[in-house]
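Here the structure is laid out as structure tokens; the discussion comes afterwards.
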Amino acid sequence: MPSNYDYRKPLLRIFAHFYRPHMKLFLADMFCAAMISGTDLVFPMMTKYTMEKLLPGQLYKFFFIMAGCMVLLYVFRMGFSFFVTYWGHAMGTYIEADMRSDLFNHLQKLPFSYYDNNRTGQIMSRATTDLFEVTELTHHGPEDLFISLLTLGGSFFLISTIRWEMAIVLMILVPIMIAVAIFSRKSLQNASRRVKERTAEIIANLESSVSGVRTAKAFTNEPHEIKKFGVGNENYKNARKAYYKTMAYFQSQIEFMTNFLVVLVIALGGFLIMGSKMTLPDLIACNLFVAAFLQPIRRMQNFVEQFSTGIAGFNRFVEILRIKPEIADSPSARSLDKIRGDVEYKNVTFAYTEDEEAKDHYVLSGVSLSIPAGGTLALVGPSGGGKTTLCHLLPRFYDIHRGSITIDGVDIKDITLDSLRKNIGIVQQEVFLFAGTIRENIAYGRVAASEEEIIAAAMAAEIHEDIMEMPQGYDTVVGERGIKLSGGQKQRISIARIFLKNPPILILDEATSALDSATEFKIQRALEELSRGRTTMVIAHRLSTIRNADQIVVIDGRGIVQQGSHSELMARGGLYAELHAAQFGMMEIAG
Ligand code: ADP
Ligand code: MG
């Protein structure tokens, strides 16, 4: 699949383009579908011929040859049917896999802001349920449409060669039947959608209640939870009942129409026979054609339903692919290989929204600061002041609105995203461990790292000994189903990742603030080791840990309020001195 496909094209063209790599399979599938409907058309004609020509003459031999031919015909039909069911579905799955891989590649390219604004569950359902519905359409759609049009058209034609009156009556009636069926199918679909919504609600409630069960118990609110769940369960039951009611209407209606059609054909046929305008074998052939109709009619309804849900799912899929990927490299962007690590922010202004109305919502405005290579700059300030935001601008997780950020004098916009991010390491408060072994999780820092390098990194991060005590050492599985690590252990694994990545620029965003003081003290050593020789931006919760920083910048809602070394800021008084006094006082109380 070409990754640079233009998804702004019309929906159906995009849809068609997914068939292109599987064209041979698609054509073979359509051919077999045509053969299936051909067999269905030949059978009534053969029957008619047999009854008209072979039975009256008592041509036993030809009669049995004919019967043999029919069996043979159905043997072929079995083969075609096998092909359509197996390879048709396989083709649908191939296309689904192509679509999903396009989607996944694209999701990897989408910017932070996309993930800020979309819930994980939603994205997951795009990649699974939605695409499954699309697959059903990709396979069954063309085939259902093709087989039913062919069979219906062929039947009408052949019936008209038998008796045109019969053909006309059917030609009027069958489309009405299909329309009615499609119409009541719509209400069935609506009912089914309501059931799905209720089911989703129940699952969401269940998930929230189960994960909050400890809180519920602590507040002795179990009866409240049970009541809440009961309401959802009742809604679900009602939706389900409504669905079955619609289904019952639908099915009995369809059954009636089918039977009506049969009676009508026999009545009309009988009338024509009595008027000597038609023979009995003709009538039997017509009846067989009507029986052959029923499947295409069902396929037609199927198609309409699958088309509406499938296209809706496909539309949601394309919507994501149409979102512009992250900040693409400018044509002049170059890759920085050897970085010294001089970082400079000049007059940087940034807001999370593009909205001009929201001018007051600038998180940072006119921020300037510079860190010489290897230096340490500490960011201090109230929560929500914009410290994390400031750091996230350097690896271009978000683009700034005004001003510039440079590394070694080169604007970060002129550096390829890849080489920019390779040169920056981030340790955050929240550590994400992927499901997998400890080794894999450390190696995430540099996927190609050797065993020795991984162990060296673990030692530098002071996690090696902990790992050796685990049941399977470096092969111990972590994550939801694996061993539970303490916050400090997780943090040291994330530090080991950065040792392995070995970037010249380092961001430490409240790396230890979720930990107790004893653990923090241990990790502090690893962090100091990590920041040696690297340009470091550190956000610290506890001011005691940044006393030795070369520069301290105090930030609040608007931008920088104070800047200087610890002793300068203490001497000057103001926000830093106040924060310091508050923490120092608390420590005294706690102590
Ligand atoms: P700090 O790290 O100093 O606590 P942040 O940089 O996290 O502060 O947040 C600064 C401001 O930006 C806050 O008002 C916060 O609500 C807002 N903010 C942070 N992240 C986002 C985001 N992803 N989308 C929109 N607003 C955000
Ligand atoms: Mg923060």
Side-chain angles (χ1 to χ4, degrees), residues 107 109-120 122-123 323-327 343 345 347-369 371 376-403 405 412 421 424-432 487 490-491 494-495 498 505-515 520 523 527 531 536-543 545-546 549 551-563 569 574-576 578-580 582-583:
L107 283 175
K109 283 190 232 150
L110 286 181
F112 268 51
S113 54
Y114 176 77
Y115 292 97
D116 291 344
N117 299 323
N118 290 278
R119 300 211 335 249
T120 312
Q122 249 168 14
I123 302 174
I323 299 172
K324 266 222 322 252
E326 176 166 58
I327 336 166
V343 171
Y345 283 56
N347 256 318
V348 170
T349 297
F350 173 78
Y352 279 101
T353 55
E354 294 284 325
D355 194 357
E356 281 298 314
E357 296 272 293
K359 269 213 163 64
D360 294 352
H361 291 91
Y362 279 132
V363 178
L364 299 166
S365 58
V367 170
S368 299
L369 51 85
I371 320 168
T376 297
L377 177 129
L379 291 164
V380 177
S383 163
K387 306 179 294 293
T388 300
T389 307
L390 185 83
C391 291
H392 280 179
L393 298 178
L394 189 61
R396 284 184 82 191
F397 289 157
Y398 302 91
D399 260 345
I400 58 176
H401 290 198
R402 277 198 293 282
I405 301 177
I412 54 172
R421 290 184 183 167
I424 301 171
I426 305 184
V427 183
Q428 281 159 313
Q429 182 180 332
E430 286 269 318
V431 177
F432 188 84
K490 278 197 209 166
Q491 197 52 276
S494 89
I495 293 169
I498 307 294
I505 300 172
L506 187 64
I507 293 170
L508 306 176
D509 187 352
E510 310 208 22
T512 56
S513 60
L515 309 174
E520 176 176 24
I523 289 182
L527 285 177
S531 56
T536 307
M537 288 169 92
V538 52
I539 303 173
H541 203 62
R542 294 188 185 85
L543 299 182
T545 57
I546 51 150
Q551 276 187 82
I552 297 171
V553 164
V554 185
I555 261 185
D556 76 356
R558 260 332 184 66
I560 296 178
V561 270
Q562 281 191 311
Q563 197 163 1
L569 290 176
L575 191 52
Y576 181 78
E578 280 167 29
L579 287 170
H580 198 271
Q583 274 198 9

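Numbering of ligands and ligand atoms starts at 1, following listing order.
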> Can you tell me which residue and heavy atom of the protein come closest to atom 8 (O) of ligand 1, and the distance to 0.1 Å?
Replying inline: G386 N, 3.1 Å
> Which atoms of ligand 1 sit under 4.0 Å from any heavy atom of G385?
Replying inline: 1 (P), 3 (O), 8 (O)
>> Please report the interatomic distance CG(L369) to CD1(I405), rounded to the nearest 0.5 Å.
In response: 8.5 Å
> Protein heavy-atom contact under 4.0 Å for atom 16 (O) of ligand 1?
Replying inline: no
>> Considering the Mg ion (ligand 2), could you give the total of protein N/O/S atoms lying closer than 2.8 Å?
In response: 1
> Evaluating non-hydrogen atoms only, which member of P382, G384, G381 is closest to atom 10 (C) of ligand 1?
Replying inline: G384
> What residue and atom, counting heavy atoms only, is the protein's closest point to atom 2 (O) of ligand 1, and at what distance?
Replying inline: T388 OG1, 2.6 Å
> Any idea which atoms of ligand 1 are less than 4.0 Å away from a heavy-atom of Y398?
Replying inline: 23 (N)
> So which of V380, T389, L393, L379 gets nearest to atom 6 (O) of ligand 1, if we judge by its closest heavy atom?
Replying inline: T389
> Rounded to the nearest 0.5 Å, what separation is found between the CG atom of D399 and the CD1 atom of I412?
Replying inline: 7.0 Å
> Looking only at atom types and distance, does a side-chain atom of K387 sit under 3.5 Å from a main-chain N or O of P382, one as donor and one as acceptor?
Replying inline: yes
> Any idea which protein heavy atom is nearest atom 23 (N) of ligand 1, and the distance to it?
Replying inline: D116 OD2, 2.8 Å
> Atom CG in N118, atom CG in L107: separation rounded to 0.5 Å?
Replying inline: 9.5 Å
> For ligand 1, which atoms sit closer than 4.0 Å to a heavy atom of S383?
Replying inline: 4 (O)
> Where the closest heavy atom to atom 18 (N) of ligand 1 is concerned, which of F350, Y352, Y362 has it?
Replying inline: Y352
> Taking only heavy atoms of V363, which atoms of ligand 1 are found under 4.0 Å from at least one of them?
Replying inline: 10 (C), 11 (C), 12 (O)
>> For a side-chain contact (heavy atoms from CB on, under 4.5 Å) check, start with the C-alpha distance between L569 and H580, then their side-chain angles and the critical distance, and finish with the verdict.
In response: CA-CA 10 Å; L569 290 176; H580 198 271; over 6 Å; no
> How far apart are the C-alpha atoms of Y345 and I560, what are their side-chain angles, what is the distance that settles it, and do they pass the side-chain contact (heavy atoms from CB on, under 4.5 Å) test?
Replying inline: CA-CA 12 Å; Y345 283 56; I560 296 178; over 6 Å; no
> Do the side chain of S365 and the main chain of T349 share a donor and acceptor less than 3.5 angstrom apart?
Replying inline: no
> Hey, does S531 have a side-chain heavy atom less than 4.5 Å from the side chain of V538?
Replying inline: no
>> Is the shortest side-chain heavy-atom distance between I507 and C391 below 4.5 Å?
In response: yes
> Between R542 (side chain) and Q583 (backbone), is there a donor-acceptor pair under 3.5 Å?
Replying inline: no
> Between F350 and Y352, how do the two ring planes meet: parallel, tilted or perpendicular, split at 30° and 60°?
Replying inline: perpendicular
